Amino acid sequence: MTPDVVLRNTVTDPDGGTVNLTFEVWTTDASGKPKDKVKLNDKPYGVEVSPYVASGKTAQVSIEHGRLKQGVTYTFHTNAFDGSLYEINWSQWSNFRIEPYVSFPAPQASSSIDPLAQKVIEFTRTDPGPALPTLRKDGTTLKAPTKKRTCGAPDAQGHKLCIELNPPSKTAQTPPRASAPSVGLDVDLVDWCFAKPSGKNYMNRTEACLKNIGSGTLIFTDTDPDKPALGTATFTIEQRLKTYPKKADSGSDLAEFDQQIRLEPTRIDPALKGVRMRWNAGAVCTNCSTTNTKWTDSTNTPVDDAYWPVAADGIYGDRWGTIQTRWSGTGKETIDLGWSITATVNAGGNPATADFGTSGIHAVRELAPRCDNIPQGIKPGCVLPFFSPTYTVDTNLYPAAGAYYWLMQQKMPNHDGSVQWDSLLSYLGTDTTVKNSKGGPWTSNDSRTKVCGNWTAPPIDASVGSVDCDEYAMASTHESGGFPGGRNQVTSGDQCAQLLTDKMRDGTADFGLFADTRKATNGPTGKEPCGRAAVPYEQNRKAFTGYPDPSWRMLDNDEFFVSNPGFEHCTSVHTTCAWRKV
């Protein structure tokens, strides 16, 4: 898979002397048999002769760049000469083809690929509260609930109010509504959440949708626990979380994140005379100010609180409670959250509180917002760093760069950056604690110099245009071969896989990604921890120019994927992967 062909054969001399080999190359017919001899140079016989080597060693010749075409089956044989006598017979024929790892056209004139588009993911909460089970990713129970019912103290009459939480039923029907949800009126803090199925949790880099909190039942009991409850009420519970990465999103000069709860009764027994809910949303934060809860109904009309009198027709509207938290700190702070609701009924009993859990155990903190003022050129903001975004290379506009990144993701031992292999890259942020030789923060330029500092452009077809040394993993990651102490660190870019872009010579206008055999004669082995490749200048410079480190608030060690959609249909690196337009 290189345009620079090296032909080899092992020599044997009965006298133990030195021998050279003459190499002939022929095209083949449909059955693979020799057809027409190929001129390997402009000399009279058009053959290549190797230097003398000792008996038992391998003789080899390099074929001039461009003499052989990609996609054509050739065959070659050799004849030995010991300085005085030529071998009587030629060696056996050996067939070969020049194929690229990846083939692709020139950049397209336009593209519909959105490099920043993100998919909402499902996730499992690591601390959903004691009343609900902790689930694995596959939905099976990791930790059973320890406390399903919580009760307030008996009142003066001995009546007691309890709350019992239950996981959402996958077959539960949507209760009748007093009015339809008015997403168009901005009642829902996370506009895509309402349409998501219940029973699961969803998130992206800035928003979370919790639809696995479940349903709650209020139980109002008499003094005698053996008697039936005096009355019950049931309701559904959902939560939202929205962060604002920059000022323009929230309208505040301060970093901000908002939280929202949705409560909807499905039944209230008349014996309760009315139900009121209070949402308790706490934050562990040193530089935060939080508003009181503002309540609205489903039409986004403000209401005083989350209160429902008994409805004669049994139809109840939902209540949406929202709070805003603003962060005024410096540097960065990860903010742990916790939630519960406290219920009262008009019939009596002391308040009862149900725990909804927290933003996650300390090792994960999947729902803990992080606010900072670190990226330059952008106001302070907040994100959910548990979510690892995907940067999509526009393989329509930058096919050579995308081909190279895809191949490296497939061939590198750790498959760095690959969505398929679930292997993340770690961003090199300006807040890194790693220092360069001048005592300043380690930068992508420092890593790039390590990988590409001694690189020179290979001989390639003029139609490719000027080329740069493009490194993978990118210099802006901890996985770069140049990053000190990283898992892929090398002492020289010569230890990386060597690749190049070249013109296909198969009668098409396409290009291909080939092995650059100047440093490694046999091409990449698949064990190299990094890559460097000759990629057209414009594609190398522009493939990542839109990477949104400020707007995504990517800080040091934040993880992300790289997608190369024009090549992700390919299933093997052992056959040529052909580009597809997306």
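Fair warning: this is a prediction, and the values are worked out from it, not measured in the lab.
- Note that CG of Asp470 is 13.0 Å distant from OH of Tyr398, once rounded to the nearest 0.5 Å.
- When Leu367, Leu210, Ile213 are each tested for a side chain to side chain contact (heavy atoms under 4.5 Å, CB included) with Asn201, only one passes: Leu210.
- The pair Asp468-Arg448 fails the salt-bridge criterion, with no side-chain N (NZ, NE, NH1 or NH2) lying under 4.0 Å from an Asp/Glu carboxylate O.
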Would you check, one step at a time, whether the test side chain to side chain donor-acceptor pair (under 3.5 Å) holds for Asp258 with Tyr244?
CA-CA 8 Å; Asp258 298 346; Tyr244 299 93; 2.9 Å; yes
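- Closest non-hydrogen pair, Val102 versus Ala403, comes out as CG1-CB, 3.6 Å.
- When atom types are taken as modelled, the side chain of Asp372 and the backbone of Pro380 share no donor-acceptor pair closer than 3.5 angstrom.
- Atom NZ of Lys450 has 12 or fewer heavy atoms from other residues, nucleotides or ligands within 6.0 Å.
- Without hydrogens or angle criteria, Ser476 side chain to Ser444 main chain gives no donor-acceptor distance under 3.5 Å.
- Of the possible donor and acceptor atoms, one in the side chain of Lys211 sits under 3.5 Å from a partner among the backbone N and O of Lys196.
- Side-chain N or O atoms of Thr521 include none that pairs as donor or acceptor with a backbone N or O of Thr517 at under 3.5 Å.
- Closest heavy-atom contact between Glu99 and Phe514: C-CE2, 3.9 Å.
- Without hydrogens or angle criteria, Thr501 side chain to Ala534 main chain gives a donor-acceptor distance under 3.5 Å.
- The 12-atom threshold is not exceeded at NZ of Lys69, counting heavy atoms of other residues, nucleotides or ligands nearer than 6.0 Å.
- The structure places CD of Gln420 at 9.5 Å from OG1 of Thr571, a figure rounded to the nearest 0.5 Å.
- Relative orientation of the Phe76 and Phe96 rings is perpendicular, given thresholds of 30° and 60° on the angle between their planes.
- No donor-acceptor pair under 3.5 Å is formed between the side chain of Glu256 and the backbone N or O of Cys382.
- At least one side-chain heavy atom of Tyr472 sits less than 4.5 Å from a side-chain heavy atom of Gln409.
- A heavy-atom distance below 4.5 Å is found between the side chains of Trp320 and Asp188.
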Derivation of the side chain to side chain contact (heavy atoms under 4.5 Å, CB included) call for Ile63 and Phe23:
CA-CA 10 Å; Ile63 307 303; Phe23 289 77; 5.9 Å; no
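- Distance alone, capped at 3.5 Å, is enough to place a donor-acceptor pair between the Ser50 side chain and the Leu21 backbone.
- Residues Val451 and Cys496 form a side-chain contact, since some pair of their non-hydrogen atoms from C-beta on lies under 4.5 Å apart.
- Smallest separation of non-hydrogen atoms from Ala208 and Val190: O-CG2, 3.9 Å.
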Show your reasoning for whether side chain to side chain donor-acceptor pair (under 3.5 Å) applies to Glu366 and Thr126.
CA-CA 8 Å; Glu366 65 275 5; Thr126 58; 2.9 Å; yes
Worked verdict on Ser563 versus Glu568 for side chain to side chain contact (heavy atoms under 4.5 Å, CB included):
CA-CA 8 Å; Ser563 174; Glu568 288 171 350; 3.1 Å; yes
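- In this structure, the side chain of Ser466 does not engage the main chain of Tyr537 through any donor-acceptor pair within 3.5 Å.
- Partners of Asp494 by salt bridge (Lys or Arg N to Asp or Glu O under 4.0 Å), not counting sequence neighbours, listed by chain and number: Lys519, Arg532.
- When every heavy atom of Gly493 is checked against every heavy atom of Gln498, the shortest pair comes out as O-NE2, 2.9 Å.
- Just one residue in the list Phe561, Tyr547, Phe544 forms a ring-ring contact (aromatic ring centres under 6.0 Å, His included) with Tyr427, and that residue is Tyr547.
- In this structure, the separation between SG on Cys371 and NZ on Lys332 is 12.5 Å, given to the nearest 0.5 Å.
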Take Gln118 and Thr390 through the test side chain to side chain donor-acceptor pair (under 3.5 Å) and record every step on the way to the result.
CA-CA 7 Å; Gln118 301 298 303; Thr390 298; 4.6 Å; no
Using side chain to side chain donor-acceptor pair (under 3.5 Å), reason through Thr456 and Arg518 one step at a time and then give a plain yes or no.
CA-CA 10 Å; Thr456 58; Arg518 293 177 299 164; 3.2 Å; yes
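- Defined by atom type and a distance below 3.5 Å, a donor-acceptor pair is present between the side-chain atoms of Ser463 and Asp461.
- Using a 4.5 Å heavy-atom threshold, the side chains of Asp446 and Phe483 count as separate.
- To the nearest 0.5 angstrom, Met554 atom CE is 6.0 Å from Phe560 atom CZ.
- Looking at heavy atoms from C-beta onward, Lys542 lies out of side-chain contact with Leu397 at the 4.5 angstrom threshold.
- The distance from atom OG of Ser418 to atom CG of Leu424, rounded to the nearest 0.5 Å, is 10.0 Å.
- The main-chain N or O of Leu337 is found under 3.5 Å from a side-chain atom of Ser359 such that the two form a donor-acceptor pair.
- Looking at Tyr202, its side chain does come within 3.5 Å of a backbone N or O of Pro197 through a donor-acceptor pair.
- Using a 4.5 Å cut-off on side-chain heavy atoms (C-beta onward), Asp558 and Ser388 make no contact.
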Might you work through the side chain to side chain contact (heavy atoms under 4.5 Å, CB included) test for Val562 and Met474, ending with a clear yes or no?
CA-CA 10 Å; Val562 173; Met474 291 74 69; 3.8 Å; yes
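- Residues Pro107 and Pro399 come closest through the heavy atom pair CA-CD, 3.9 Å.
- The number of heavy-atom neighbours closer than 6.0 Å to NZ of Lys37, taken from other residues, nucleotides and ligands shown, is above 12.
- Side-chain contact between Gln410 and Tyr101: absent, with no pair of heavy atoms (C-beta onward) separated by less than 4.5 Å.
- Between atom CD of residue Gln260 and atom CG of residue Leu189 there is a gap of 5.0 Å, rounded to the nearest 0.5 Å.
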List the steps and the verdict of side chain to side chain contact (heavy atoms under 4.5 Å, CB included) for His77 and Glu24.
CA-CA 6 Å; His77 62 176; Glu24 276 190 353; 2.8 Å; yes
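- Sorted by first and then second residue, the salt bridge (charged side-chain N to carboxylate O under 4.0 Å, His left out) pairs with a member in residues 405-416 read Asp416-Arg487; sequence neighbours excluded.
- Side-chain contact between Leu555 and Arg370 is present, with at least one heavy-atom pair separated by less than 4.5 Å.
- Heavy-atom minimum distance, Val582 versus Ser112: O-OG, 3.9 Å.
- Under the side chain to side chain contact (heavy atoms under 4.5 Å, CB included) rule, Trp579 has a single partner from Ser103, Cys570, Pro105, which is Pro105.
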